[in-house]
Amino acid sequence: MPTTYTDLIADIRKSIATVTLEEIKRRLDEKTPMILVDVREKEEFRDGYIPGAISVPRGFLEMQIEGKVTDKNAPIVLYCAGGTRSALAAKTLSDLGYTHVESANPGFVRWKDLGLPMEKPPQLTEAQRDRYSRHLLLPEVGEIGQAKLLASKVLLLGAGGLGSPAALYLAAAGVGTLGLVDADTVDASNLQRQIIHATSRLGTYKVDSAEKAINDLNPDVKVIKFQERVDSSNVDRIFAGFDVIVDGCDNFPTRYLVNDASVFLKKPVVHGSIFRFDGQVTTFSPHTGGPCYRCLYPEPPPPHLAPSCQEAGVLGILPGVVGVIQATEAIKLILGKGNPLIGRLLTYDSLRMKFGELKLRRDKTCPVCGDNPTITSYIDYEGFCSIG
Amino acid sequence: MEASSTVRIPTPLRTLTAGNDEVKAAGATVAAVIDDLEKNYPGIKDRLLDEKGVRRFVNIYVGEEDIRFLEGLKTELKGGEQITIVPAIAGGC
């Protein structure tokens, strides 16, 4: 048993594998698979790190490493500032059953002195690190993912049933820019489900009412208001600059217009629709090979077979569930994590409390995204939807 | 004994099935199942099909698969399948 720190570190150095900085640089250049783990404190990491490294401060190593590196046989290279903490960390990982662990010798101080490449994490403010702390703990988000969210721009079509919960959660998540498209004012009959609005804002424009709620919730979010109905003449202007479209509009002509615009402009659309107790959600991303709305429904139903919520009623909570799933899809698309609902239609029956999943396929004969498209510019959508 | 399938009826069509959200129907193909539905629930066939086939705003699935990408109305059924009717809905309000 070692009796002093000097004995302890000498013993550990004998039992672990070390790797030189030159070797790490060579592996980075050759893209040799390895998981670089920076075991320094968060403050040290923030000032710069070896490109691609993940941060697991030594104090959290035992608690966090199995969540971040699930494969115990993965090649892991640990580093710290000088090579001591990483040596101690390497011993810990081998005690935890990791089989392929090396400790860099020396460490990041020397790496920086040598002028080797380094990255700096996105600079979140202290307030942002606090606000998004639960995101920062998730390996799938972290500071890099949160910075992506803050830099992202999501357009919400409709600040109504679906748009309300989607906008609130996207704002809370720190999506940096939210576009809101809605020409209506807040009516008392909206408040049974449109939770972004409030009794105190009855009669005000929905985009203004929603902006107020968003600003109250998260001042990081910039709101861009479009107090208008989207149509063929303004869709290109409204869509410009947005990364993801969340479609929560309430009529077929707009659904087809939004689809065609998203195909032409190569933007993903997170689609949600509701009727009474039923909901449907999917993500259309035809520019990455998925189907589009016209592949799913080549033509709209005749108007008398397509009653609106105003005519048919809707369970107030239903758009909450569907809109929040849409927000989840939007966040996943921005982060590039998980499996989006591309090519899958999620169905939700709130009475039976059942979710279902149906396969959607790209239709090679689709008039807008198929192999030989016949629709290459905007059409008369009102006319297209009134033929029954 | 003819093959029998379970058919999921979407909300807008439940006025035709006395409010039932799931009904049984017999038939060895999707077309035969729809004919059998029509016998018990008159008017439903017209909501699903036109003279060219399945209406373009309705999708019929056998299991998870759209019959447009199987054999259409001729898609054969062994019995016990779940058939799901999914109409286009536009609401977001």
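Convention: sequence-line order gives letters A, B, ...; per-chain numbering from 1.
- What you find for A:L178 and A:F242 is that their closest heavy atoms are C-CE2, 4.4 Å.
- There is no contact between A:R344 and chain B, counting heavy-atom distances below 4.5 Å.
- Looking at A:L345, the atoms closer than 4.5 Å to chain B (heavy atoms on both sides) all sit in the side chain, from C-beta outward.
- Residue B:E71 places its CD atom among 12 or fewer non-hydrogen atoms of other residues, nucleotides or ligands, all under 6.0 Å distant.
- In this structure, A:D260 pairs ionically with A:R294, as a charged nitrogen and a carboxylate oxygen lie closer than 4.0 Å.
- Within the 4.5 angstrom heavy-atom criterion, only side-chain atoms of B:E22, from C-beta onward, approach chain A.
- Of the listed residues (B:F57, B:F69, B:Y61), the one with the most heavy-atom contacts under 4.5 Å to chain A is B:F57.
- Between chain A and the options B:D66, B:V86, B:T84, the largest number of non-hydrogen pairs under 4.5 Å is found for B:V86.
- In terms of non-hydrogen atom pairs under 4.5 Å with chain A, the most contact-rich of B:G63, B:P10, B:P87 is B:P87.
- Of the two parts of A:L360, only the side chain, counted from C-beta on, holds a non-hydrogen atom closer than 4.5 Å to a non-hydrogen atom of chain B.
- Between A:R255 and A:D247 there is a salt bridge, since at least one side-chain N of the basic residue sits less than 4.0 Å from a carboxylate O of the acidic one.
- For chain A, no part of B:R55 is nearby; none of its heavy atoms comes within less than 4.5 Å.
- Proximity to chain B (any heavy atom under 4.5 Å) is restricted, for A:R276, to the side chain, taken from C-beta onward.
- Ring geometry for A:Y297 against A:Y293 counts as perpendicular: the plane angle is over 60°, on a 0 to 90° scale with 30° as the lower cut.
- Ion pair B:R56/B:D50 not flagged as a salt bridge, since none of the NZ, NE, NH1 or NH2 atoms sits closer than 4.0 Å to an Asp/Glu carboxylate oxygen.
- Contact of A:N251 with chain B is made through the backbone alone, with heavy-atom distances under 4.5 Å.
- The side-chain hydrogen bond (donor to acceptor under 3.5 Å, both in side chains) test with A:K206 singles out one residue from A:Q194, A:E211, A:H197, and that residue is A:Q194.
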